[in-house]
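Notes for the one structure printed next.
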Amino acid sequence: MLSRFSHLLFICLLSASAAFARPASAYLPDLAFVHQTYNNCGPASIVSVLGYYGLKADQSELARVLRPRGGYMTADVIDPFLKPYGLRATRFKRGEIEHIRLLVAQGIPVIVLQWLDRVGGIPHFRVVRGYDDKQGVFWMADPIYGPNVYVDYHDFERLWAVYGQEFIPVYPEGWQAKIEKILGVKGVPRG
């Protein structure tokens, strides 16, 4: 028989684990998609997440703002750019695939910076729009390859590890506490 304290502790632990329970698969059907133009994977990924939140944008206009000198867009420009839209984009490092799955299960699109197709190749932004544990895959809105590209968990981690497992959930302003609760932020450094 459980003591009163043990019973309360059991209920608290059960509630905490239920808060982070997630389905075996999740998918964000309303994520927008646009094929990138030259060197615009970052702006195209932002167009995708803006579309998810019902906002329209043009990648060429975004490119002029997000990479005004050409070259690659850096991850540090995403949050300041999205703030006027009422969105936030917190950068995290040393993520795990479980972080990505938890966020997507809560309806939050996640931008990741990975190698395009092989370690040491081209750095590339893409948006995680879903996952399926049974198949062992993430579904991506990849600005080069298409709106529903799958990447198996092993390849996802291999391509992601080179950039310190950086991930950028995009969510409405005011959801910071919810994001931190989902991620258990104490163990996930910010980028």
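When side chains are defined from C-beta on, V170 does not count as touching I108, because their heavy atoms never get closer than 4.5 Å. Proximity of L87 to V49: side-chain heavy atoms (C-beta onward) are nowhere separated by under 4.5 Å. Residues K93 and Q165 are not in side-chain contact: their nearest non-hydrogen atoms beyond the backbone lie 4.5 Å or more apart. Between L103 and I182, some side-chain heavy-atom pair lies under the 4.5 Å cut-off.
Contact record, Q59 with P43: O-CB, 3.7 Å, taken as the closest heavy-atom pair. Listed here is the closest heavy atom pair of L31 and P109: CD1-CB, 4.0 Å. Annotation for A63 and N40: closest pair CB-OD1, 3.2 Å, computed over non-hydrogen atoms. In plain terms, the two heavy atoms of D79 and A89 that are nearest each other are OD1-N, 2.8 Å. In terms of heavy-atom proximity, R129 sits nearest to P29 at NH2-O, 3.4 Å. Heavy atoms only, all atoms of each residue included: Y163 and L113 are closest at CB-O, 3.8 Å.
Going from atom CD1 of I168 over to atom CZ of F92 covers 10.5 Å, rounded to the nearest 0.5 Å. Expressed to the nearest 0.5 Å, how far CD1 of I100 lies from OH of Y131 amounts to 11.5 Å. With rounding to the nearest 0.5 angstrom, the SG atom of C41 is 8.5 Å from the CG atom of D142. Put simply, CD on Q36 and OG on S60 are 13.0 Å apart, with the number rounded to the nearest 0.5 Å. Of the inter-residue distances, the one linking W175 atom CH2 with E180 atom CD reads 14.5 Å to the nearest 0.5 angstrom. In this structure, CG on L159 lies 9.0 Å from NE2 on H154, to the nearest 0.5 angstrom.
Between F167 and H99, the ring center distance clears the sub-6.0 Å criterion.
Grouping the Ile, Leu, Val, Met, Phe, Trp and Tyr side chains by contacts below 4.5 angstrom, directly or via other members, places Y150 apart from V128. No path of Ile, Leu, Val, Met, Phe, Trp and Tyr side chains, each step under 4.5 Å between heavy atoms, connects Y27 with I97, placing them in separate hydrophobic clusters. A continuous path of Ile, Leu, Val, Met, Phe, Trp and Tyr side chains, each step under 4.5 Å between heavy atoms, connects L55 with V34, placing both in one hydrophobic cluster.
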For K178 and Q106, run side-chain contact (heavy atoms from CB on, under 4.5 Å): C-alpha distance rounded to whole Å, both residues' side-chain angles, the deciding distance at 0.1 Å, then the answer. CA-CA 10 Å; K178 180 178 180 173; Q106 293 297 312; 3.9 Å; yes
Step-by-step side-chain contact (heavy atoms from CB on, under 4.5 Å) determination, L82 to I46: CA-CA 9 Å; L82 291 175; I46 292 173; 4.0 Å; yes
After noting the C-alpha distance and the side-chain angles of V127 and V110, does the key distance pass the side-chain contact (heavy atoms from CB on, under 4.5 Å) rule? CA-CA 6 Å; V127 184; V110 182; over 6 Å; no
Begin from the C-alpha positions of R64 and R67 and carry the test side-chain contact (heavy atoms from CB on, under 4.5 Å) through to its verdict. CA-CA 6 Å; R64 286 192 284 277; R67 40 182 219 92; over 6 Å; no
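Side-chain heavy-atom separations under 4.5 angstrom define the hydrophobic clusters, and the remaining members of the one that includes L116 are Y72, I122, I144, Y145, V149.
Partners of R158 according to the salt bridge (charged side-chain N to carboxylate O under 4.0 Å, His left out) rule, which considers only residues two or more places apart in sequence or in another chain, are D155. Every side-chain contact (heavy atoms from CB on, under 4.5 Å) that A57 has, sequence neighbours left out, goes to V47, L50, L62.
For residues 109-120, the side chain to side chain donor-acceptor pair (under 3.5 Å) pairs, not counting sequence neighbours, are Q114-R126. Pairs passing the ring-ring contact (aromatic ring centres under 6.0 Å, His included) check and including a residue from residues 35-60, sequence neighbours excluded, read F33-H35.
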Do any side-chain atoms of residues 132-141 form donor-acceptor pairs under 3.5 angstrom with protein atoms, and if so which ones, sequence neighbours left out?
| unit_1 | atom_1 | unit_2 | atom_2 | d |
| --- | --- | --- | --- | --- |
| D132 | OD1 | K134 | N | 2.9 |
| D132 | OD1 | Q135 | N | 3.1 |
| D133 | OD1 | R101 | NH1 | 3.1 |
| D133 | OD1 | Y153 | OH | 2.6 |
| D133 | OD2 | R22 | NH1 | 2.7 |
| D133 | OD2 | R22 | NH2 | 3.0 |

